[in-house]
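So the structure is just underneath, and the comments pick up after that.
A note on names: the letters A, B, ... follow the listed sequences, proteins ahead of strands, and every chain is numbered from 1.
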There are 2 protein chains.
Amino acid sequence: MARPRQALLTRERIVEAAATLIDAEGLDALSMRRLATELGVQGPSLYNHFATKAEIVDAVAEAVVAQVDIDVFADCDWREGLRLWAKSYHAVLTAHPNIVPVLATGPGRRPHGLAMAEAVYGALIDAGWSRSRATHIGALMRYLITGSALGSFALGFDNDPELYDRYPHLHRAHELPAHRAAVDEGAFELGLDVLIAGLSDHYDQGVRR
Amino acid sequence: MARPRQALLTRERIVEAAATLIDAEGLDALSMRRLATELGVQGPSLYNHFATKAEIVDAVAEAVVAQVDIDVFADCDWREGLRLWAKSYHAVLTAHPNIVPVLATGPGRRPHGLAMAEAVYGALIDAGWSRSRATHIGALMRYLITGSALGSFALGFDNDPELYDRYPHLHRAHELPAHRAAVDEGAFELGLDVLIAGLSDHYDQGVRR
DNA sequence: CGCATAAACTAGCGGCGTAAGTTTTTGCGC
DNA sequence: GCGCAAAAACTTACGCCGCTAGTTTATGCG
């Protein structure tokens, strides 16, 4: 086949297929040949639309952050904005856990990532936080959100009772994977509550830098 | 060369070389052939000592967590123990950032990882926290520590002023990479302070579950 | 109508993890 | 002291991988 009458590929179709593949089978399952097969095409054809594999993965990451709601800062208190944004971000990452390692490396050059940074940082600055404090708070929230999405805490424990025989306090740790969602959700909520309450106290006491 | 009079490889030598390579050039630079070359040996010889590449990487991760000080819980308040442990963990990860993605996936079956979980969880239980709350706090601390180590927040921003022209609040974001260490350190310290202070308040008010 | 461009193809390079089988040395049981 | 299994290196090779180069053909613009 040479050039078809109707293009078989578009950037959108490629990104969509890549996202589906990553969601379903993980980052490692995404290879150029595999992705091409999924799209009914030979491997190297993808290079007509993206220069490298990294560009495709980046586009998937960008599509994911695009789903985060950053309008929440519009007309509400910085505390509430921060909480709603964090929950939205967290929910998006929970829905697409396999792409998180890519996102965790920072906003990079992706427009939506930068727009999100702008929204968060801007809201904190507008509230009266110093530039350095706003930066710290933004970074901190990101640590909590990506950290919780990246390593499901509960999932890290093996489902094998014998493993914990030598650790008296962990004797029920093998039950953790079964409660994965509840544990991870509880830890995230606790962190969000404590962080925002603590920052709120600082703020109310006039400690804004 | 067949079997040499003196073994060329040991598990220790392999792990050490792998750790050095990962520290110096990143996870991607670690390939079986490259590692073998570094050790003056052919690639497949490594399989006489480790069954898979993943086992080698795991051993490196285990060697890194082994450096975290978990004796800090011995005879001090849970607050102080948590703070000292978190700082030690954070310092170790900061010294070996390239292995963090591996650690972030949880304690798994690694003895030192489990010993650390045991120490943290045990200290919280002994202090009177409920099992579920202790789990949440442990998970939460891990989110903060691995999250901060994984994605240097400041490093994620590109060192290119023009990139931020369209984001009014980010107009100085290109300066962030230069202050990388200070930003990341500040955010981590802020998080640690706020979290421990907040949890301490809950504790003092008798809210332990 | 002619031609540059776009979008598919095929072939192939060097690298990857690892399996299989070979050779030689070591060290233990008789 | 000897025989032989196990250990630890080797070579070869398979099927992936990301990506490059060059080819073919349809499209759309001047």
Side-chain angles (χ1 to χ4, degrees), chain A residues 1-62 98-99 101-102 105 108-110, chain B residues 1-62 98-99 101-102 105 108-110:
Chain A
M1 188 193 328
R3 175 173 182 176
R5 288 145 204 289
Q6 174 68 28
L8 301 177
L9 300 176
T10 63
R11 286 176 69 97
E12 289 72 32
R13 284 220 327 126
I14 293 171
V15 171
E16 195 184 308
T20 303
L21 189 50
I22 290 173
D23 279 346
E25 305 187 32
L27 261 181
D28 290 346
L30 183 77
S31 79
M32 296 302 267
R33 293 177 230 256
R34 171 73 192 278
L35 177 57
T37 300
E38 220 77 38
L39 288 160
V41 128
Q42 297 298 316
S45 299
L46 296 167
Y47 289 94
N48 285 312
H49 303 267
F50 288 92
T52 63
K53 180 187 178 182
E55 268 189 20
I56 298 180
V57 174
D58 240 49
V60 173
E62 173 74 351
N98 295 336
I99 195 70
V102 178
T105 317
R109 306 184 133 266
R110 296 186 279 266
Chain B
M1 188 195 325
R3 174 172 181 175
R5 288 145 205 289
Q6 176 68 27
L8 301 178
L9 300 176
T10 63
R11 286 176 69 97
E12 288 73 32
R13 285 221 323 128
I14 293 171
V15 172
E16 195 183 308
T20 303
L21 189 51
I22 290 173
D23 279 345
E25 305 187 33
L27 261 182
D28 290 347
L30 183 76
S31 79
M32 295 302 267
R33 293 177 231 256
R34 171 73 193 278
L35 176 57
T37 300
E38 220 77 39
L39 288 159
V41 128
Q42 297 297 317
S45 299
L46 296 167
Y47 289 94
N48 286 312
H49 303 267
F50 287 92
T52 64
K53 181 188 179 181
E55 269 188 20
I56 297 179
V57 175
D58 240 50
V60 173
E62 172 74 352
N98 295 335
I99 195 69
V102 177
T105 316
R109 306 184 133 265
R110 297 186 279 265

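Of all non-hydrogen atoms in B:Ser45 and B:Leu9, the two that sit nearest each other are O-CD1, 4.1 Å.
Residue-level contact check: B:Leu30 touches the backbone only, with heavy atoms under 4.0 Å from sugar-phosphate atoms and none from bases.
With rounding to whole Å, B:Met32 atom CE is found 17 Å from D:dT12 atom C1'. Rounded to whole Å, the distance from CZ on A:Arg11 to P on C:dA8 is 14 Å. Atom CZ in A:Arg13 sits roughly 13 Å away from atom P in C:dA7 (whole-Å rounding). Protein atom CG of B:Leu46 is 15 Å distant from nucleotide atom C1' of C:dA19, rounded to whole Å. Atom CD of A:Glu55 is separated from atom P of D:dC19 by 10 Å (rounded to the nearest Å). A straight line from CZ of A:Phe50 to C1' of D:dG18 spans 16 Å, rounded to a whole angstrom. Atom CG of B:Asp28 and atom P of C:dG15 are 16 Å apart (whole Å). A:Gln42 has its CD atom 15 Å from the C1' atom of D:dT23, to the nearest Å.
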Derivation of the side chain to side chain contact (heavy atoms under 4.5 Å, CB included) call for A:Leu39 and A:Leu46: CA-CA 10 Å; A:Leu39 288 160; A:Leu46 296 167; 4.1 Å; yes
Side chain to side chain contact (heavy atoms under 4.5 Å, CB included) evaluation trace for A:Glu62 with A:Val15: CA-CA 10 Å; A:Glu62 173 74 351; A:Val15 171; over 6 Å; no
Derivation of the side chain to side chain contact (heavy atoms under 4.5 Å, CB included) call for A:Val60 and A:Ile22: CA-CA 9 Å; A:Val60 173; A:Ile22 290 173; 4.2 Å; yes
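Between the side chain of A:Asn98 and the backbone N or O of A:Leu27, no donor-acceptor pair lies under 3.5 Å. Judged purely by atom type and a 3.5 angstrom limit, A:Arg11 uses its side chain to pair as donor or acceptor with the backbone of A:His49.
Sequence order on DNA chain D of the closest nucleotides to A:Ala29 and A:Ala51 puts A:Ala29 first from the 5' end. Take the nearest nucleotide of DNA chain C for A:Gly43 and for B:Tyr47: the residue whose nucleotide is more 5' is A:Gly43.
The side chain of A:Lys53 lies closest to D:dG18 when the candidates are D:dG18, D:dT12, C:dT10. Looking at the side chain of A:Val41, the nearest of the listed nucleotides C:dA8, D:dT12, C:dA11 is C:dA8. Distance from the side chain of A:Thr52 is smallest for D:dC19 among the nucleotides D:dT11, C:dT18, D:dC19.
Within a 6.0 Å radius of CD in A:Glu16, other residues, nucleotides and ligands contribute 12 heavy atoms or fewer.
The phosphate of C:dA7 (OP1 or OP2) has no side-chain N or O of A:Ser45 nearer than 4.0 angstrom. For the pair B:His49 and D:dA9, the criterion of a side-chain N or O lying under 4.0 Å from OP1 or OP2 is met. Between B:Ser31 and the phosphate of C:dG15, there is no side-chain N or O to OP1/OP2 separation shorter than 4.0 Å.
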Structure string for DNA chain D in dot-bracket form, Watson-Crick and G-U at under 3.5 Å, | interchain: ||||||||||||||||||||||||||||||
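B:Arg33 contributes a side-chain N or O that forms a donor-acceptor pair with the base of C:dG17 under 3.5 Å. Side-chain N/O atoms of A:Asn48 and base N/O atoms of C:dA8 include a donor-acceptor pair closer than 3.5 Å.
Considering CG of B:Leu30 and OG1 of B:Thr20, their distance stands at 11.0 Å, rounded to 0.5 Å.
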